[in-house]
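Remember, it's 1-based here, ligands and their atoms both numbered in the order they're listed. Values below: all heavy atoms of this structure, side chains included; hydrogens, waters and symmetry mates excluded.
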Amino acid sequence: MQRKYISKAVINRLPRYYRYLGDLLEKDVVRISSKELSEKMKVTASQIRQDLNNFGGFGQQGYGYNVEYLHTEIGKILGLDKKYNIIIVGAGNLGQALANYSDFERRGFYVKCIFDINPRLVGLSIRGIDIKFIDEMEEFIKLNQVDIAALTLPKAKAPQVAADLANWGIKGIWNFAPTDLHLTEDIIVENVHLAESLMKLSYKLSEKQNPADK
Ligand code: NAI
């Protein structure tokens, strides 16, 4: 399939389509109309048709969408037909929680190793994943095909570690440290900030309690 420019808004919606279609597959649903999908997802049917038209449609007039096919194709667009090796940098609360979450593997993301500076953590393992000393990270990256590094270390340390990772060939950074990373354009950084999501929730709650004049 030819890649064309897809807006960020559409890309942001694709993981949600993928998740819903995965749920339908688990329930052995074979096909679904854009209307039914729209009711389930609370997105308008025309929005769904528009979004999926970006990728050549996948739907048939009067038939709807073949759930398995659409799930597979959206998975390919999201790059989920590949496997990714991940390392986690920072084996504290968050790093350990990520390593403990086995469901990432179902999506093709495999945590291969965790790195930390704390000698009390080094040598331990989480779900069979070793925690190694940070000084071993460069060698590990050289010897293993590492695609993504998750940064779960203090924010003051994140920029330098990210720069090192980029120099050692890491192309994807999953950044949890609450700081902006300034790396060259060929490095893809995905920031995850739960606090920002909470702030949005707080805004919506206060908006509900004190609605603005319309
Ligand atoms: P933590 O203090 O439990 O863990 C941090 C770990 O990083 C420690 O084990 C420490 O030894 C290690 N570390 C420190 N310097 C290092 C270095 N140079 N190289 C490798 N490891 C190093 O902290 P927690 O709660 O796990 O949070 C980790 C980071 O994630 C923090 O920056 C925190 O602000 C952030 N965070 C982000 C969230 C988000 O939604 N994005 C949610 C929760 C935490």
- Item | Partners passing side chain to side chain contact (heavy atoms under 4.5 Å, CB included) against R120 (at least two apart in sequence or in another chain) | N118
- Task: For atom 40 (O) of ligand 1, find the nearest protein heavy atom and state the residue, atom name and distance (0.1 Å precision).
- Result: L194 N, 2.6 Å
- Item | Lys/Arg N to Asp/Glu carboxylate O, E39 vs K35, below 4.0 Å | yes
- Using a 4.5 Å cut-off on heavy atoms from C-beta on, say whether the side chain of Y18 contacts that of R107. yes
- Which residue and heavy atom of the protein sit nearest atom 41 (N) of ligand 1, plus the separation: V192 O, 2.5 Å
- With a 4.0 Å cut-off, would you call D81 and K76 a salt bridge? no
- Message: Grouping I, L, V, M, F, W and Y whenever their side-chain heavy atoms are under 4.5 Å apart, do F176 and V146 come out in a common cluster?
- Response: no
- Message: So if I count the atoms of ligand 1 from 1 in the order they appear, which ones are less than 4.0 Å from some heavy atom of V89?
- Response: 20 (C)
- If you measure from the Lys or Arg side-chain nitrogens to the Asp or Glu carboxylate oxygens, is any gap between E105 and K112 under 4.0 Å? no
- Nearest protein heavy atom under 4.0 Å from atom 2 (O) of ligand 1, yes or no: no
- Taking only heavy atoms of L121, which atoms of ligand 1 are found under 4.0 Å from at least one of them? 9 (O)
- Given that the side chain starts at C-beta and the backbone is N, CA, C, O, which of these parts of I134 lies under 4.0 Å from ligand 1, counting heavy atoms, or is it both or neither? side chain
- Message: To check your reading of the model: name the closest protein heavy atom to atom 32 (O) of ligand 1, its residue, and the distance in Å.
- Response: L153 O, 2.8 Å
- Task: May I ask you to list the atoms of ligand 1 that are less than 4.0 angstrom from any heavy atom of P154?
- Result: 7 (O), 13 (N), 14 (C), 15 (N), 32 (O)
- Element-labelled atoms of ligand 1 that are located less than 4.0 Å from some non-hydrogen atom of N118: 11 (O)
- Message: I need the nearest protein heavy-atom contact for atom 42 (C) of ligand 1: residue, atom name and distance, please.
- Response: L94 CD2, 4.0 Å
- Query: Can a salt bridge be assigned to the pair K142 and E138 using a cut-off of 4.0 Å between side-chain N and carboxylate O?
  - Reply: yes
- Message: Looking at K204 and E207, is any side-chain nitrogen of the basic one under 4.0 Å from a carboxylate oxygen of the acidic one?
- Response: no
- Query: Can you check whether V43 reaches R16 side chain to side chain, under 4.5 Å on heavy atoms?
  - Reply: yes
- Query: How does K157 reach ligand 1, if at all, at less than 4.0 Å between non-hydrogen atoms: by side chain, backbone, both, or neither?
  - Reply: side chain
- Message: Working note: Q96 + N100, criterion side chain to side chain donor-acceptor pair (under 3.5 Å); need CA distance, chi angles, decisive distance, verdict.
- Response: CA-CA 6 Å; Q96 293 194 24; N100 264 315; 5.3 Å; no
- of all protein heavy atoms, closest to atom 33 (C) of ligand 1 is P178 CD, 4.1 Å
- Message: With a 4.0 Å cut-off on N to O distance, would you call K171 and D147 a salt bridge?
- Response: no
- Identity and distance of the protein heavy atom lying nearest atom 35 (C) of ligand 1: F176 O, 3.6 Å
- Task: Heavy-atom contacts with K155 under 4.0 Å: which atoms of ligand 1 show up? List them by number with element.
- Result: 32 (O)
- Any protein heavy atom sitting closer than 4.0 Å to atom 13 (N) of ligand 1? yes
- Item | Nearest-neighbour protein heavy atom for atom 5 (C) of ligand 1, which is reported as residue plus atom name and distance | T152 O, 3.8 Å
- Item | Which residue and heavy atom of the protein sit nearest atom 10 (C) of ligand 1, plus the separation | D116 OD1, 3.4 Å
